[in-house]
> 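Before I ask anything, here is the structure I am working with.
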Number of protein chains: 2
Amino acid sequence: MAVPLYQTKAEFFRTLGHPARIRILELLSERDHAVHELLEQIAIEASNLSQQLAVLRRTSLVVSRREGNAVVYSISAPEVRDLLLSARQILAGLAATRTDFEDELVVPTRPSADR
Amino acid sequence: MAVPLYQTKAEFFRTLGHPARIRILELLSERDHAVHELLEQIAIEASNLSQQLAVLRRTSLVVSRREGNAVVYSISAPEVRDLLLSARQILAGLAATRTDFEDELVVPTRPSADR
DNA sequence: TCACAACATGAAGAATTCTTCACTTCATGT
DNA sequence: ACATGAAGTGAAGAATTCTTCATGTTGTGA
């Protein structure tokens with residue numbers, strides 16, 4: 001293998017490192033979506049969405065097929081679902097830690113409903 | 001929550017999206033390491049390593065403590081280990097897919113040992 | 001107290017990645 | 001054949017992220 005594994009891994013994570021791409025993968029891990037369906041859910045320009053889909057296609061994380069007038073995307077590695085879940089858990093854990101830490105350090109103020 | 005979840009997730013993955021940071025996390029998921037120990041394993045400049053450690057610290061993925069002359073780092077979320085494993089599997093799957101695909105399309109040539 | 005080793009940090013230029021724009025392509029309906 | 005809706009693409013400037021350099025801190029041992 002010419003490219004070291006940790007380099008490949010880094011690239012993989014980098015392709016996950018974009019809000020639109022995360023949303024796309026989350027939507028696709030529920031079910032296949034046509035591009036115009038994704039567009040309804042994600043608030044970005046059509047051509048930007050195309051660019052992000054291209055990134056995901058390049059890394060083989062998704063595949064597309066044409067269905068008449070529409071192009072339908074699907075996830076190629078179902079394990080991505082687990083990965084996203086796993087990430088959510090870690091994130092929840094870290095958030096909790098940070099909150100605890102604040103609880104310890106921050107001067108207590110009147111509890112506020114919206115923060 | 002002011003910041004949407006998928007934004008936070010994207011940031012999380014982006015902090016994983018760097019070869020040095022991946023290696024650091026892999027080393028730390030084996031056991032705690034002092035900075036100079038990490039430096040032995042990873043071929044980057046000391047100050048670069050510090051910068052990457054700072055990135056990981058900012059996102060609370062690692063924590064550091066001083067032990068005499070040295071600073072020792074450890075992983076704060078053990079689940080990171082699973083995540084890295086999970087990524088490795090997906091990557092292996094994708095690589096296999098791509099290889100299969102090549103097997104189908106590419107004109108077979110004499111097998112070569114070094115590619 | 002000095003000197004040195006181990007780390008950290010701010011700043012700046014280099015390198016990447018994002019977003020948008022102007023087009024192009026492809027399939028369908030008329 | 002033409003118009004239209006759906007999607008993709010190359011290019012370019014804006015925005016981020018990397019790497020390195022110079023300098024600053026903090027312990028330890030002489």
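Chain letters run A, B, ... following the sequence lines, proteins first and then strands; every chain starts at 1. Only heavy atoms go into these numbers, but all of them, side chains included; no hydrogens, no water, no symmetry mates. Just so we're clear, the structure is a prediction, and the values are computed from it rather than from any experiment.
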> Can you tell me the pairing partner of C:dG29 across any strand shown, Watson-Crick or G-U wobble, with both distances under 3.5 angstrom?
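By the stated definition (distances under 3.5 Å), D:dC2 pairs with C:dG29.
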
> Return no unless some side-chain N or O of B:Tyr73 is found under 4.0 Å from OP1 or OP2 of C:dA6.
no

> Any side-chain heavy atom of B:Ile42 within less than 4.5 Å of one from B:Leu27?
yes

> Just the rounded figure in Å: distance from P of C:dT17 to NE2 of B:His18.
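Interatomic distance, NE2 of B:His18 to P of C:dT17: 11 Å.
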
> Which parts of residues 35-44 of chain B get close to DNA chain C, meaning a heavy atom less than 4.0 angstrom away?
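Here the set is B:Val35, B:His36.
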
> Could you give the CG-to-P distance, from B:Leu49 to C:dA8, as a whole number of Å?
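Spelled out: CG on B:Leu49 to P on C:dA8 is 8 Å.
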
> Round to a whole Å and report the spacing from CG of B:Leu53 to P of C:dT9.
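Computing the B:Leu53:CG to C:dT9:P distance gives 10 Å.
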
> Within the structure, does a side-chain N or O atom of A:Arg14 lie under 4.0 Å from either OP1 or OP2 of C:dT16?
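No.
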
> C:dA8 C1' sits how many Å from B:Arg58 CZ, rounded?
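These atoms are roughly 11 Å apart.
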
> Using a 4.0 Å heavy-atom cut-off, write out nucleotides 21-30 of chain C from 5' to 3' as B (base contacted by protein), S (sugar-phosphate only) or - (no contact).
B-----SS--

> Could you check how far CZ of B:Arg57 sits from P of C:dC7, rounded to whole Å?
12 Å

> Round to a whole Å and report the spacing from CD of B:Gln52 to P of C:dC7.
16 Å

